[in-house]
Amino acid sequence: MAARLPADPGSFPTTRPRRTRRFDWSRRLVAQHRLSVADLIWPVFVQEGVELETPVPSMPGVARLSVDRLVQRATEAAALGIPALAIFPVTPPERKTPGGDEALNPQNLACRAVRALRDAGLPMGIICDVALDPYTSHGQDGLLIDGYVANDETVSILCEQALALAQAGCDVVAPSDMMDGRVGAIRAALDRSGYQRTMILAYSAKYASAFYGPFRDAVGSGSNLGKGDKRSYQMDPANGDEALREVALDVAEGADMVMVKPGLPYLDIVYRVKEAFGLPTFAYQVSGEYAMIAALSATGGGDRRSLALESLLAFKRAGADGILTYFALEAARWLREPTES
Ligand code: PBG
């Protein structure tokens, strides 16, 4: 049977959203959101040693880098136009203590990495995590007192950690610990010591997520944490409104930029935070999200580039001003290719 056209084919339907989807040029013309290399922050794992690039098994395509290799890769990243990287140290197990003392050592791996990057003079921001989990033998982000991660005692150590990182030359400290009041305390500590220009990127809405597993493998904190969890300080995935409260507190305490973490499963939070505050809002596409995409493409279920770029664009659509992503270097290269994306 022949297909039947409506009685007046010229007027039905008047509005055809498919018209502008027809050509590559018209799709590009009407595209509302665009991912650019300036949106990318590259999280990197740094390890001791020289000329080492040790693959992280649970994150195919990601390696832990010795400081010299970090400088080489960061030079590439800067040349590609990536504006900033975030350093995560892999602390040798023998330097871990219950109090996380190594965090305050001005010669620790993170501080040495910062100084090496500074000396390289790259046109790139250096972001450092502030939290004790890379340094504690129990893998928690703070001090354990009577089995509880003690807030105020932890905050005073975090202030010193932030200061050590600022002294080493980092541009942005990023407290990822979720202690109450830490942003204000760190701001005051930095200001008192002459680091008024050091920025604070607050992990304001950081959830107690199962998607951090590969990261904990990569930095070696997973085995320290064991069966422990971080639910007494990281947020409950059941809560949305509480994220706005956390952001409001951090902003009042002096945060320059805020972050939501994890990313894709929490895009509703990214959207709400951006709508409510209109401040620089970042999202972290965490290790487990990366690993899912890497695994899907590795098993032939999808194209790595398409999957990664679509996921990164989704962050922009939700309102993120930037994305911390392990795809940063690859994505920067893909975005340079003259093909459609
Ligand atoms: C440490 C920290 C974590 C991540 C970033 N900073 C792990 C955690 O809180 O256990 C996770 C990042 C990722 O999974 O990619 N406070």
Side-chain angles (χ1 to χ4, degrees), residues 40-46 56-64 85-91 96 100 102-103 109-110 127-144 149 151 154-155 157-158 161-162 165 170 172-179 182-183 186 200-237 246 258-266 282-295 308 311-312 315 323-328:
L40 304 173
I41 297 173
W42 187 32
V44 279
F45 301 117
V46 191
V56 178
S58 52
M59 299 177 73
V62 171
R64 306 177 188 96
L85 53 77
I87 294 175
F88 295 95
V90 183
T91 307
K96 298 189 183 187
E102 178 70 2
L109 187 53
I127 303 174
C128 287
D129 224 55
V130 175
L132 298 184
D133 59 317
Y135 308 105
T136 52
S137 44
H138 44 70
Q140 296 288 355
D141 289 19
L143 292 185
L144 264 186
V149 175
N151 194 86
T154 298
V155 168
I157 299 178
L158 296 176
Q161 182 187 17
L165 293 165
C170 92
V172 183
V173 290
S176 70
D177 54 284
M178 291 301 280
M179 298 299 115
R182 90 281 203 213
V183 170
I186 290 171
I200 298 181
L201 165 59
Y203 284 74
S204 298
K206 176 171 177 180
Y207 286 85
S209 172
F211 286 95
Y212 306 148
F215 173 97
R216 292 177 188 169
D217 277 353
V219 300
S221 64
S223 51
N224 298 99
L225 192 60
K227 286 203 181 338
D229 65 62
K230 301 190 176 184
R231 283 181 288 189
S232 81
Y233 47 104
Q234 297 180 346
M235 281 182 52
D236 184 342
E246 284 281 6
V258 297
M259 197 202 298
V260 173
K261 177 184 173 188
L264 282 192
Y266 294 84
F282 294 85
Y284 199 143
Q285 182 178 53
V286 301
S287 56
E289 300 175 60
Y290 172 87
M292 285 198 299
I293 292 173
S311 69
L312 294 171
F315 286 94
I323 309 128
L324 286 94
T325 174
Y326 300 97
F327 286 111

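As the structure lists them, so they are numbered: ligands from 1, and atoms in each ligand from 1. As the structure is a prediction and not an experimental result, all values here were calculated from the model.
- Classification of the Y290-Y326 ring pair by plane angle, with boundaries at 30° and 60°, yields perpendicular.
- Heavy-atom proximity to Y284, at under 4.0 Å, picks out these atoms of ligand 1: 12 (C), 15 (O).
- What you find for Y203 and M178 is that their closest heavy atoms are O-SD, 3.2 Å.
- A 4.5 Å side-chain heavy-atom check between I41 and T325 finds every atom pair outside the cut-off.
- Within ligand 1, counting atoms from 1 as listed, the ones closer than 4.0 Å to a heavy atom of Y326 are 12 (C), 13 (C), 15 (O).
- Looking from atom 14 (O) of ligand 1 to the surrounding protein, the closest heavy atom is S287 OG, 2.7 Å.
- Between the OG1 atom of T154 and the CG atom of D141 there is a distance of 9.0 Å, given to the nearest 0.5 Å.
- Residues T91 and P134 come closest through the heavy atom pair OG1-O, 2.9 Å.
- Of all protein heavy atoms, the one closest to atom 2 (C) of ligand 1 is K206 NZ, 3.3 Å.
- The distance from ligand 1 to the heavy atoms of R216 drops below 4.0 Å at these ligand atoms: 8 (C), 10 (O).
- Nearest protein heavy-atom neighbour of atom 12 (C) of ligand 1: F215 CD1, 3.3 Å.
- Pairing each heavy atom of L201 with each of F282, the nearest pair is CD1-CD1, 3.9 Å.
- The atoms of ligand 1 that sit less than 4.0 Å from any heavy atom of A131 are 16 (N).
- Considering all non-hydrogen atoms of both residues, A291 and S58 come closest at CB-O, 3.4 Å.
- Residue F88 approaches ligand 1 through these ligand atoms, each under 4.0 Å from one of its heavy atoms: 5 (C), 6 (N).
- Of all the heavy atoms in N224 and G220, the pair that sits closest is OD1-O, 2.7 Å.
- Between F215 and F45, the distance separating the two ring centers is shorter than 6.0 angstrom.
- Every atom of ligand 1 with a heavy atom of K230 under 4.0 Å away is listed here by number and element: 8 (C), 9 (O), 10 (O).
- With a 4.0 Å cut-off on non-hydrogen atoms, V286 touches ligand 1 through its backbone as well as its side chain.
- In this structure, Y290 has no heavy atom closer than 4.0 Å to ligand 1.
- For ligand 1, the atoms lying closer than 4.0 Å to a non-hydrogen atom of K261 are 2 (C), 3 (C), 4 (C), 5 (C), 6 (N), 11 (C), 12 (C).
- Considering backbone and side-chain N/O of S176, one or more are found under 3.5 Å from N/O of ligand 1.
- Here the protein heavy atom with the shortest distance to atom 1 (C) of ligand 1 is D133 OD2, 2.9 Å.
- The proximity of L225 to ligand 1, defined as any non-hydrogen pair under 4.0 Å, does not occur for either the backbone or the side chain.
- Side-chain atoms of Q285 and S311 form a donor-acceptor pair, as typed in the model, at a separation below 3.5 Å.
- The distance from ligand 1 to the heavy atoms of D141 drops below 4.0 Å at these ligand atoms: 16 (N).
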